[in-house]
Amino acid sequence: MCLGIPGRIAEVWDDERGARMARVEFPEETKTVCLAYLPDLQIGDYTIVHAGFALTRIEEESAMVTLATMREYGVFGDPARAMPGGPESLS
């Protein structure tokens, strides 16, 4: 089973092979992700990632509700901790 944790795009670039890439911030880590399926994603957009690929864009409000719910149910982290680059508090 895989959880679709929303992440916020912090940086976008084209790598040396021409692939569109991004640095995506999740609540407890930052990952490098391929944007091949969603090359129009921009800094500040939220996405769901699977196997290193951004698969869907989600609205910020939906991302914040999902992250708050995941924290509440103990999926990750301290419920009072804010997401890097995101709002100061999810409550």
Chemist: Going by heavy atoms in the side chains, are Leu67 and Ile5 under 4.5 Å from each other?
Modeler: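 Answer yes - side chains close enough.
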Chemist: Nearest 0.5 Å, what's the CZ-CG distance between Phe53 and Leu38?
Modeler: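 One gets 11.5 Å once the value is rounded to the nearest 0.5 Å.
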Chemist: Within the structure provided, determine whether Gln42 and Val12 are in side-chain contact (heavy-atom separation under 4.5 Å).
Modeler: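 Heavy-atom side-chain distance check fails, nothing below 4.5 Å.
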Chemist: Look at the side chain of Ser62 and the backbone N and O of Ile58, then say whether any donor-acceptor pair between them is shorter than 3.5 Å.
Modeler: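 Checked: no pair found.
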Chemist: Applying side-chain contact (heavy atoms from CB on, under 4.5 Å), run through Thr47 and Leu41 and close with a yes or a no.
Modeler: CA-CA 8 Å; Thr47 185; Leu41 286 177; 4.0 Å; yes
Chemist: Using modelled atom types only, decide if a donor and an acceptor are shared between the side chain of Thr32 and the backbone of Arg23 within a distance under 3.5 Å.
Modeler: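 A pair under 3.5 Å: no.
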Chemist: At what distance, to the nearest 0.5 angstrom, does CD of Glu61 lie from OH of Tyr46?
Modeler: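 Here the interatomic distance stands at 12.0 Å.
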Chemist: Which distance, rounded to the nearest 0.5 Å, do you find between the CE of Met64 and the OG1 of Thr69?
Modeler: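 Reported value, rounded in 0.5 Å steps: 11.5 Å.
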Chemist: Which Ile, Leu, Val, Met, Phe, Trp or Tyr residues join Met21 in one cluster when any pair of side-chain heavy atoms under 4.5 Å counts as a link?
Modeler: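 Taking Ile, Leu, Val, Met, Phe, Trp and Tyr as members, Met21 shares its hydrophobic cluster with Trp13.
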Chemist: Does any non-hydrogen side-chain atom of Lys31 lie less than 4.5 Å from one of Phe26?
Modeler: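 Yes. Closest side-chain heavy atoms under 4.5 Å.
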Chemist: Is the number of heavy atoms from other residues, nucleotides or ligands under 6.0 Å of Glu11 CD greater than 12?
Modeler: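 Yes, CD of Glu11 has more than 12 neighbouring heavy atoms, counting only those of other groups under 6.0 Å.
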Chemist: Inspect the contact between Arg57 and Asp40 and indicate whether a charged nitrogen and a carboxylate oxygen are less than 4.0 angstrom apart.
Modeler: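 Salt bridge present between Asp40 and Arg57.
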Chemist: How close do Ile48 and Gly4 get, counting heavy atoms only, and between which atoms?
Modeler: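 It is CD1-O, 3.5 Å.
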Chemist: With rounding to the nearest 0.5 angstrom, report the CD1 to CD1 distance, Ile9 to Ile43.
Modeler: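 The CD1 atom of Ile43 is 8.5 Å from CD1 of Ile9, to the nearest 0.5 Å.
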Chemist: Quick check: closest heavy atoms across Met70 and Pro6, and the distance to 0.1 Å?
Modeler: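 The answer is SD-CD, 4.4 Å.
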Chemist: Would you mind telling me which of Glu25, Glu60, Glu59 makes a salt bridge (Lys or Arg N to Asp or Glu O under 4.0 Å) with Arg8?
Modeler: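 Going through Glu25, Glu60, Glu59 one by one, the salt bridge (Lys or Arg N to Asp or Glu O under 4.0 Å) with Arg8 is satisfied by Glu25 alone.
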Chemist: Walk me through whether Val33 and Val24 qualify under side-chain contact (heavy atoms from CB on, under 4.5 Å).
Modeler: CA-CA 7 Å; Val33 172; Val24 179; 3.7 Å; yes
